[in-house]
Amino acid sequence: MSCLSGNHQAGQAFDDAGMRERIGALVRAALAAACEAGDLPQIDAPDLGIARPADTANGDWTSTVALRCAKAARRAPRDVASAICAHLPQDPCIAGVEVAGPGFLNFRLTPGAVCGVFGQARAQGADFGRCDLGEGRSVNVEFVSANPVGPMHVGHGRWAALGDSLCRVLEHAGWKVTREFYINDAGNQMDVFARSIDKRYRQICELVAAGSTLEGACEALEADRVAMLDDPDGERPQTHPLSDDFTAELGPDSYGGAYIVDVARAFYEQDGADDLGLAAEERTLAFRERGYEMMLANIKDALERCGVHFDVWFSERTLHAADEDGATAITRAFDKLRAADELYEKDGATWFRSTDFGDDKDRVLVKTDGAYTYFAADIAYHANKFDRGFDRCVDIWGADHHGYVPRMQAVVSALGHQGQLDVLLGQLVNLLRGGVPVRMSKRKGTMVTFEELLDEVGADATRFTLLSRSSDQEIDFDIDVATRQSSDNPVYYVQYAHARICSILRRAAGRDEEQGVLDMDELAAGLIGEAPDLSLLTDPAELALARMIAGFGDTVANCAREMAPFRLTHYASDLAAAFHVFYHNCHVLTEDEALTRARLCACDATRRVLELTLSLVGVSAPQRM
RNA sequence: GCCCCCAUAGCUCAGCUGGAUAGAGCAGGGGACUUCUAAUCCCAAGGUCGUAGGUUCGAAUCCUACUGGGGGCGCCA
């Protein structure tokens, strides 16, 4: 039986999912046999409580079935456990079984059965740890959706890291995933954005006309802006005349951020002062569209730099576009709600009866001035998503939008898709520099962009760090610390383990002098050959490494089920730690050829699973460091 | 006032559908480089799991009420 040597064969799974099923079948059979023999009364035990004990001193697997059904059997838990134990069928993977503690039934596997997962991981390659939670269903995951009126900030970066990793995990768990970015390009904000650019453009023109260089004009505007931010109470009103002029014309809700100056500057570089010749309205409109294009390109570029790709870029404007009958996506969605008697008129506005679905109060869709609320467009957008046939939709929002969840769920229910929308809320990122909070609001103007973070910290460390906390945990991201302590960053610890394995494989193949990237799968296959004897791996460090790898599939499944991909970062660190211990305790390249092959198999399995884990996180697995 | 999130070692955080003696990293203490990458490893130390009840064979985990911190409650987007 292959259990003894641990070689992977089709149909034999040594990972946690496979062994849980195997142990469960044994316990179920033993329980039935014990009842049949009259050692136990007839009882139903739907949950066998098969789990891995936290401490391997208690074995590789345990069942708490005796604790769970002791009451129904009217026997002491230990007696129930003993009765089941006495009827357990023989299994070549099982080295021993014992009743322990209050009534645990503990199973110890043979070393070959524990380490068999090394062979399984290598044989399954990139398919290792896949499951079918999704059952081939389709899911649309919408995330980031940063407004195209400014660069991505660090919070958007967190949603990018979270959303993309979630998508990767869902794909590994059997879902058909569509990544979608919703572009809010239709609201009032676009006009505010346009007027802000326009004002800066005119200021640049004025300053240059007065004799300043372009460079000097832009610096003056930014320095003036900083002076105003340092003086929130206006105690020194004469120190920021340019910004006073800016806000006097546009009001306090305008976009004063330095990037607006950059956009205006780009237009000046392209057109000089020629745009002043246009009518104000025409110029603002042109700036709006050109600025939109620039900001969207900027956002796409930042996402591209950290490996996040979207399948669909959905423009809000398309929801407002009328067909030949004058209908829009919004009016069509309204028709559906009206048909369900969920719309009504009151105080000159149109309302959605969201209280029918548990919301606190009904919500306005059309304001008294005839304009749609943001919610109206969002209704049409979600109706559109379900019209496209997705079995499930996931929205990732900042926690500050949590009050918006009940009304969104309400409308999805009203449209007949109750239970098909999941909203994943994520706590915000507190960006710090040297322990001092950095303001992040676009409207304040001193934000640190996501791109700057990528510049300073690097894409791998940024993604790993932004993913590493539970999404309902705030992150304090100190740029200075992340930069200064780059060698202490967990991502390097994990990548180092991967690079170390690659180094061993190169050395074993006599190719450690070669530069460049090698095909490690091929290299390892040549070194390890067919059917290494994995039962030779008996060191505690080897067994611990195997157990860690065996847990990969469960980890992925949990990440998918709980929408918590952050656990993969912890798994990656744990797996790397298990490897580093193995590395120190078990020399791989030995005189014993069979042992060396077995250990190379352990190394190669670890390398593949590290690479797979990092790929789900969205981080590279370098062959050298 | 109502709603959401959080509270675990000095600091930052794990702890999965309740399981056996609550874990890791960092900081601080002590060790290991003629040996496959020391970006590593080992040892020691560090705890009233915010408080009080409840549920049960068993609670950091589930329920209730408090305390403390963060966020949100618009005919803004």
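Source: prediction; values computed, not measured. In what follows, chains are A, B, ... by sequence order, proteins preceding strands, each numbered from 1.
The aromatic rings of Tyr381(A) and Phe314(A) lie tilted to each other, with the angle between the two planes from 30° to 60°.
In terms of polar N and O atoms assigned as donor or acceptor, the side chain of Asp472(A) never comes within less than 3.5 Å of the base of C5(B) in a complementary pairing. Taking only distance into account, the side chain of Thr62(A) meets the base of A20(B) through a donor-acceptor pair shorter than 3.5 Å. For A20(B), the base has a donor-acceptor partner in the side chain of Asn106(A) [N/O atoms by modelled type, under 3.5 angstrom]. Judged by atom type and distance alone, Ser503(A) does not reach the base of C36(B) through any side-chain donor-acceptor pair under 3.5 Å.
Listed by chain and residue number, nothing satisfies the salt bridge (charged side-chain N to carboxylate O under 4.0 Å, His left out) test with Arg624(A) (two or more places apart in sequence, or in another chain). Partners of Glu289(A) under the salt bridge (charged side-chain N to carboxylate O under 4.0 Å, His left out) rule, at least two apart in sequence or in another chain, are Arg317(A). Residues satisfying the side chain to side chain donor-acceptor pair (under 3.5 Å) test with Asp395(A), not counting sequence neighbours, are His382(A), Lys385(A). Asp476(A) meets the side chain to side chain donor-acceptor pair (under 3.5 Å) test with Asn430(A); sequence neighbours excluded. Under the rule for a side chain to side chain donor-acceptor pair (under 3.5 Å), Thr373(A) has no partner lying at least two apart in sequence or in another chain. Legend: residues meeting salt bridge (charged side-chain N to carboxylate O under 4.0 Å, His left out) with Arg78(A), ordered by chain and number and at least two apart, are absent.
Annotation: salt bridge (Lys or Arg N to Asp or Glu O under 4.0 Å) contacts involving residues 595-605 of chain A, sequence neighbours excluded, comprise Arg122(A)-Asp604(A), Glu542(A)-Arg599(A), Asp604(A)-Arg607(A), Asp604(A)-Arg608(A). Within the structure, salt bridge (Lys or Arg N to Asp or Glu O under 4.0 Å) pairs that include any residue of residues 547-572 of chain A comprise Arg20(A)-Asp554(A), Asp60(A)-Arg547(A) (at least two apart or interchain).
When each of Asp359(A), Asp378(A), Ile379(A) is checked for a side chain to side chain contact (heavy atoms under 4.5 Å, CB included) with Val411(A), only Ile379(A) meets the rule.
Rounded to a whole Å, the OH atom of Tyr404(A) is 21 Å from the C1' atom of C5(B). Here the P atom of nucleotide A77(B) and the CG atom of Asp395(A) are 18 Å apart, to the nearest Å. If you take CG of Leu568(A) and C1' of C16(B), they are 13 Å apart, rounded to a whole angstrom. Note: CG (Leu425(A)) to P (C6(B)) measures 11 Å, nearest angstrom. Residue Tyr492(A) contributes atom OH, which lies 17 Å from atom C1' of G25(B) at whole-angstrom precision. Computed from coordinates, the Gln495(A) CD to U40(B) P distance equals 13 Å when rounded to whole Å. What separates CG of Leu133(A) from P of C16(B) is a distance of 18 Å, to the nearest Å. Nucleotide U37(B) holds its C1' atom 18 Å from the CD atom of Glu514(A), rounded to whole Å.
Taking 4.0 angstrom as the limit, Arg52(A) places none of its side-chain polar atoms (N or O) nearer than this to OP1 or OP2 of G19(B). The phosphate of A24(B) (OP1 or OP2) has no side-chain N or O of Tyr493(A) nearer than 4.0 angstrom. At least one side-chain nitrogen or oxygen of Arg500(A) sits closer than 4.0 Å to the OP1 or OP2 atom of A38(B). At C76(B), one or more side-chain N or O atoms of Lys367(A) fall inside 4.0 Å of OP1 or OP2 (strictly under the cut-off).
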Please tabulate, one pair per line, all N/O donor-acceptor pairs under 3.5 Å involving side-chain atoms of residues 494-502 of chain A, not counting sequence neighbours.
unit_1: Gln495(A); atom_1: NE2; unit_2: Asp460(A); atom_2: OD2; d: 2.9
unit_1: Gln495(A); atom_1: NE2; unit_2: Ser620(A); atom_2: O; d: 2.8
unit_1: Gln495(A); atom_1: NE2; unit_2: Ser620(A); atom_2: OG; d: 3.4
unit_1: His498(A); atom_1: ND1; unit_2: Pro622(A); atom_2: O; d: 2.9
unit_1: Arg500(A); atom_1: NH1; unit_2: His580(A); atom_2: ND1; d: 3.0

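U35(B) and C49(B): their P atoms are spaced 47 Å apart (whole Å). Nucleotides C57(B) and G46(B) are separated by 33 Å at their C1' atoms, to the nearest Å. G58(B) and A45(B) are spaced 30 Å apart, taking the C1' atom of each and rounding to whole Å. Annotation: C62(B) and C6(B) have their P atoms spaced 10 Å apart (nearest Å). Taking atom C1' on both A9(B) and G19(B), the two are 23 Å apart, rounded to the nearest angstrom. The gap from the P atom of G30(B) to that of G70(B) amounts to 39 Å, rounded to the nearest Å. Distance check on atom P: G25(B) versus U61(B) gives 25 Å, rounded to whole Å. Nucleotides A52(B) and C13(B), compared at atom C1', are 27 Å apart to the nearest Å.
Comparing U37(B), C73(B), C42(B) by their closest approach to the side chain of Val581(A) singles out C42(B). For Leu67(A), the side-chain atoms get nearest to G19(B) when compared with the rest of G72(B), C41(B), G19(B). The side chain of Arg567(A) has G15(B) as its nearest neighbour among G15(B), U37(B), C13(B). Taking every side-chain heavy atom of Gln473(A) into account, C13(B) is the closest of A77(B), C13(B), C36(B).
Residue-environment remark: CD (Glu593(A)) stays at or below the threshold of 12 foreign heavy atoms within 6.0 Å.
Residue Arg363(A) is classed as having no contact, given no heavy-atom separation below 4.0 Å to the nucleic acid. Using a 4.0 Å heavy-atom distance criterion, Asn58(A) is classed as a base contact. Residue Asp347(A) is classed as a base contact, given a heavy-atom separation below 4.0 Å to a base. If you check every strand for non-hydrogen atoms under 4.0 Å, Gln623(A) touches a base. Using a 4.0 Å heavy-atom criterion, one finds that Cys586(A) contacts the bases of the nucleic acid, with or without backbone contacts as well.
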Under-3.5 Å N/O pairs linking protein and nucleotides 67-70 of chain B:
unit_1: G70(B); atom_1: O2'; unit_2: Glu474(A); atom_2: OE2; d: 2.9

Protein N or O to nucleotides 1-3 of chain B N or O, pairs below 3.5 Å:
unit_1: C3(B); atom_1: O2; unit_2: His402(A); atom_2: NE2; d: 2.9

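Of the N and O atoms on the side chains of Asp472(A) and Ser470(A), at least one donor lies less than 3.5 Å from an acceptor on the other residue.
Paired runs in RNA chain B that reach 3 or more consecutive Watson-Crick or G-U pairs, where each pair keeps both distances under 3.5 Å, cover B:1-5 with B:69-73, B:10-13 with B:23-26, B:29-32 with B:40-43, B:50-54 with B:62-66.
With its glycosidic angle within 90° of 0, C33(B) is assigned syn.
At a threshold of 4.0 Å, the pair Arg507(A)-Asp512(A) counts as salt-bridged, since one of the basic side-chain nitrogens sits closer than that to a carboxylate oxygen.
Toward the 5′ end of RNA chain B lies the nearest nucleotide of His570(A), the other residue of the pair His570(A) and Ala371(A) mapping further downstream.
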